[in-house]
Amino acid sequence: MDLFLNLLMSGLINGSVYGLIAIGFAVIFRTTGVLNFAQGEVMMLVAYVSWSLATALSLPFWLLLIVTVAAAILIGAILEQVFIRPMLGQPTFAIIMVTIGLAIVLRSLTVLIWGTDAEPFDTIIKGGLLTLGPVVIYSEQFAAVVLFFAAITIVTIFYRFSRVGVAMRAMAEDETTALLMGVNVTRMSMLAWSIAAVVSGLAGVTLAMISSRASDMWVLGLRSFPGAILGGLDSVIGAGFGGILIGVIGDLSEGYIGHGLKEISGFAVVILILMIRPYGLFGQRELERV
């Protein structure tokens, strides 16, 4: 039982990181219909910028989060303006290929600026221990779970109740109709990229606090993608909790079955689920009249 609880907690912690990145996938897809395959690299860039700010300014954790959010908003807006805005109106496949190229650029840029050495991310919350029955976790691991639930709550409220969130949902349903109704489509696209950069950046910061900031952090984007697919790319909540499920399944399968299954178990589960529900666990089925 103790092993199960520890694996479950480990999966919840890893899944929280996956879930934050999966929310980033879903926000951009739900608004623009584009899969951003540079989401892991955006997460890594925000984490590196946050690490630099924390190292240079010695900011307390709460202030570091505020500064990181501001930096992520700026990074997301710049990337959308420079790489995605010129592609508006082009086939979706062409835009997806641009995001793949963007991923390569961001990886190279990160190595060029910060190098390849891993560095610890020391913050004011680092080093504390929390005991939950037979489970003992670090305070920064607990912070990852808290940040996930805070982020998914804020994004959900924003989408459902704010005027801008309703406009983004309208754009997702029918971009042409939303444009005719006065929705600024280009602004909504930029906002979606900024929100995705914020939630993914928070994932990068928590990951760097748990282990260290490293030049291979972008790989988590690939590990988080099955969570977004599993939950449903058109559902922000579904994508987030899909990431949680992938984290829990990965740790349980590796703990009980064998080493190395963490990376492939998520994709195996996605294949099985999509055979039954092609639109994901929380996605909406699209019906077309013919």
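Source: prediction; values computed, not measured. Residue indices begin at 1 and follow the sequence shown.
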[X] side chain vs [Y] backbone, donor-acceptor pair below 3.5 Å:
| X | Y | result |
| --- | --- | --- |
| S194 | I73 | yes |
| Q141 | Y138 | yes |
| Y18 | G240 | no |
| S253 | G250 | yes |
| Y48 | S215 | yes |

Quick check on the hydrophobic clustering: are [X] and [Y] connected, directly or via other members, by side-chain heavy-atom contacts under 4.5 Å?
| X | Y | value |
| --- | --- | --- |
| I96 | I28 | yes |
| L74 | M190 | no |
| L79 | I113 | yes |
| V34 | F93 | yes |
| L109 | V42 | yes |

Using side-chain heavy atoms (C-beta onward) and a distance below 4.5 Å, is [X] in contact with [Y]?
| X | Y | value |
| --- | --- | --- |
| F158 | I195 | yes |
| L202 | V46 | no |
| F25 | S200 | no |
| V199 | V27 | no |
| I246 | N14 | no |
| E80 | S189 | yes |
| L233 | L35 | yes |
| L65 | L147 | yes |

Euclidean distance, [Y] [atom2] relative to [X] [atom1], rounded to 0.5 Å:
| X | Y | atom1 | atom2 | answer |
| --- | --- | --- | --- | --- |
| S10 | L5 | OG | CG | 12.5 Å |
| L7 | E254 | CG | CD | 9.0 Å |
| D234 | T31 | CG | OG1 | 11.5 Å |
| L207 | I21 | CG | CD1 | 7.5 Å |
| L8 | I13 | CG | CD1 | 10.0 Å |
| L64 | M209 | CG | CE | 8.0 Å |

Contact summary for [X] and [Y], nearest pair of heavy atoms:
| X | Y | value |
| --- | --- | --- |
| W193 | G76 | CB-O, 3.6 Å |
| A214 | M44 | O-SD, 3.8 Å |
| Q81 | P86 | O-CD, 3.5 Å |
| A26 | S235 | CB-O, 4.0 Å |
| A167 | M188 | CB-SD, 4.0 Å |
| P226 | V270 | O-CG2, 3.3 Å |

With side-chain contact (heavy atoms from CB on, under 4.5 Å) as the test, pick out the partner of F83 among I78, T99, I95, L102.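 By the side-chain contact (heavy atoms from CB on, under 4.5 Å) criterion, F83 pairs with just one of I78, T99, I95, L102: L102.
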
Would you mind telling me which of I210, T206, V205 makes a side-chain contact (heavy atoms from CB on, under 4.5 Å) with E140?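 With E140 as partner, I210, T206, V205 yield a single side-chain contact (heavy atoms from CB on, under 4.5 Å), made by I210.
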
Hey, mind stepping through R85 and T186 against side chain to side chain contact (heavy atoms under 4.5 Å, CB included) and telling me if it holds? CA-CA 7 Å; R85 184 71 57 86; T186 56; 3.7 Å; yes

Just wondering, more than 12 heavy atoms not from F142 lying within 6.0 Å of its CZ?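 Not more than 12 within 6.0 Å, no.
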
Tell me, yes or no, whether the heavy-atom count around R187 atom CZ, taken from other residues, nucleotides or ligands under 6.0 Å, exceeds 12.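 Counting other residues, nucleotides and ligands, CZ of R187 stays at 12 neighbours or fewer.
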
For the pair Q90 and V98, evaluate side chain to side chain contact (heavy atoms under 4.5 Å, CB included) and give the outcome as yes or no after the intermediate values. CA-CA 11 Å; Q90 300 300 317; V98 169; over 6 Å; no

Compute whether any side-chain donor of one residue and acceptor of the other, for W114 and S52, lie under 3.5 angstrom apart.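 Checked: W114/S52 side chains pair up, N/O donor to acceptor below 3.5 Å.
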
Could you label the plane-to-plane angle of the F148 and F241 rings as parallel, tilted or perpendicular, counting under 30° as parallel and over 60° as perpendicular?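 Rings of F148 and F241: perpendicular, over 60°.
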
